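Chain A is the first sequence line, chain B the second, and so forth, proteins listed ahead of strands; every chain is numbered from 1. Only a predicted model underlies this, so the values are computations on that prediction, with no experimental measurement involved.
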Protein chains: 2
Amino acid sequence: MSKRKDAGERISEAEHAIMEVLWDSSPASAAEVCDAVCAKRDWSIPTVKTLLSRLVQKEAVGTTPQGRKFLYHPLIERSDYVGGESRRLVDRLFGGRAAPLFAQLAESEALTDDDLAEIEALLREMRK
Amino acid sequence: MSKRKDAGERISEAEHAIMEVLWDSSPASAAEVCDAVCAKRDWSIPTVKTLLSRLVQKEAVGTTPQGRKFLYHPLIERSDYVGGESRRLVDRLFGGRAAPLFAQLAESEALTDDDLAEIEALLREMRK
DNA sequence: TCACTTCGGCTACAGACGTAATCGAAGAAT
DNA sequence: ATTCTTCGATTACGTCTGTAGCCGAAGTGA
């Protein structure tokens, strides 16, 4: 079954940074979100608020009236987002095949020994 | 700033479709490019021309005056582009680690048996 | 040589995105 | 109650992206 309701509009790069914060500490106020990213991305509160409201519009985050303020929380799972983005890349760049992606990462030395070990473990585990 | 490598202007989604055509058949005229994508993406010649000129501006494709017309050819390697995009995704979504990406793809069933076999082969090969 | 066709080059324009200032209502402080 | 402070909401605006129209120079056929 395909939960055909969400999947609304695409989440932009900047918006994703906000999502990341919310996925990290679920209910948070705009100010708290800013505390978490404003320094890193050199944003100001207004920017964070705009991004938050756009995410609300896109139904990617929900709000809970906490007294007079609002608390924001993600409405979509991080794994869903990440999975979608990953698949989109694989589709667009590698014709939907994951192996070439892996080869590409390997070639550009983006794979650490740890990665290799982990992937091997995963492979072994899937091998049944 | 970091390593301000030239030829760094971002290539957009639509532009990438054009690049893909050029990577496939190196020197091509605008009309030929259109023949290859206009149907698929439902574009018109003007659109292709705009995208081509933007890519020229971005120094992602070069031109060769062929008599009266122009022939376009890519100036950046497909592997470079693909590698860059892949790494960008891995950095943004998985903190630079490839293993989680792999796990993600596995979980979302984006890995075919062929993929697994190929990856295993690659792994074995890198194992020395 | 003179319409007619072909191209590349500018121009256009709406929608998304990044970034942020301003406004107005609700609380807090005095 | 009056003012000060907080927030969310609204508005702003330049850039990038997707899509495409128009224009003028060059080539073609008669």
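Listed by chain and number, the residues in a side-chain hydrogen bond (donor to acceptor under 3.5 Å, both in side chains) with A/Arg41 amount to none (sequence neighbours excluded). When the side-chain contact (heavy atoms from CB on, under 4.5 Å) test is applied to A/Ala36, the partners found at least two apart in sequence or on another chain are A/Val21. Considering only residues two or more places apart in sequence or on other chains, A/Arg92 meets the salt bridge (charged side-chain N to carboxylate O under 4.0 Å, His left out) condition with B/Glu13, B/Glu85. With sequence neighbours excluded, the residues that form a side-chain contact (heavy atoms from CB on, under 4.5 Å) with B/Leu71 are B/Pro27, B/Ser29, B/Thr64, B/Gln66. Applying the salt bridge (charged side-chain N to carboxylate O under 4.0 Å, His left out) test to A/Glu77 and every residue at least two apart in sequence or in another chain returns nothing. Residues that satisfy the ring-ring contact (aromatic ring centres under 6.0 Å, His included) test with A/Tyr81, not counting sequence neighbours, are A/His16, A/Trp23.
Salt-bridge formation is detected for the pair B/Arg78/B/Glu20: a Lys NZ or Arg NE/NH1/NH2 atom is positioned less than 4.0 Å from an Asp or Glu carboxylate oxygen.
Annotation: disulfide bond (SG atoms under 2.5 Å apart) contacts involving residues 16-88 of chain B, sequence neighbours excluded, comprise B/Cys34-B/Cys38.
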*List the protein contact pattern of nucleotides 15-25 of chain C with one symbol per nucleotide (5' to 3'): B for base contact, S for sugar-phosphate-only contact, - for none; contact means a heavy-atom distance under 4.0 Å.*
--SBBBB----
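Using a 4.0 Å heavy-atom cutoff across all strands shown, B/Ala31 reaches no nucleic acid atom at all.
Taking atom CG on B/Leu52 and atom P on C/dG8, their separation rounds to 8 Å, with Å as the unit.
Of all nucleotides in DNA chain D, those with any atom nearer than 4.0 Å to a heavy atom of chain B start and finish, going 5' to 3', at D/dT17 to D/dG27.
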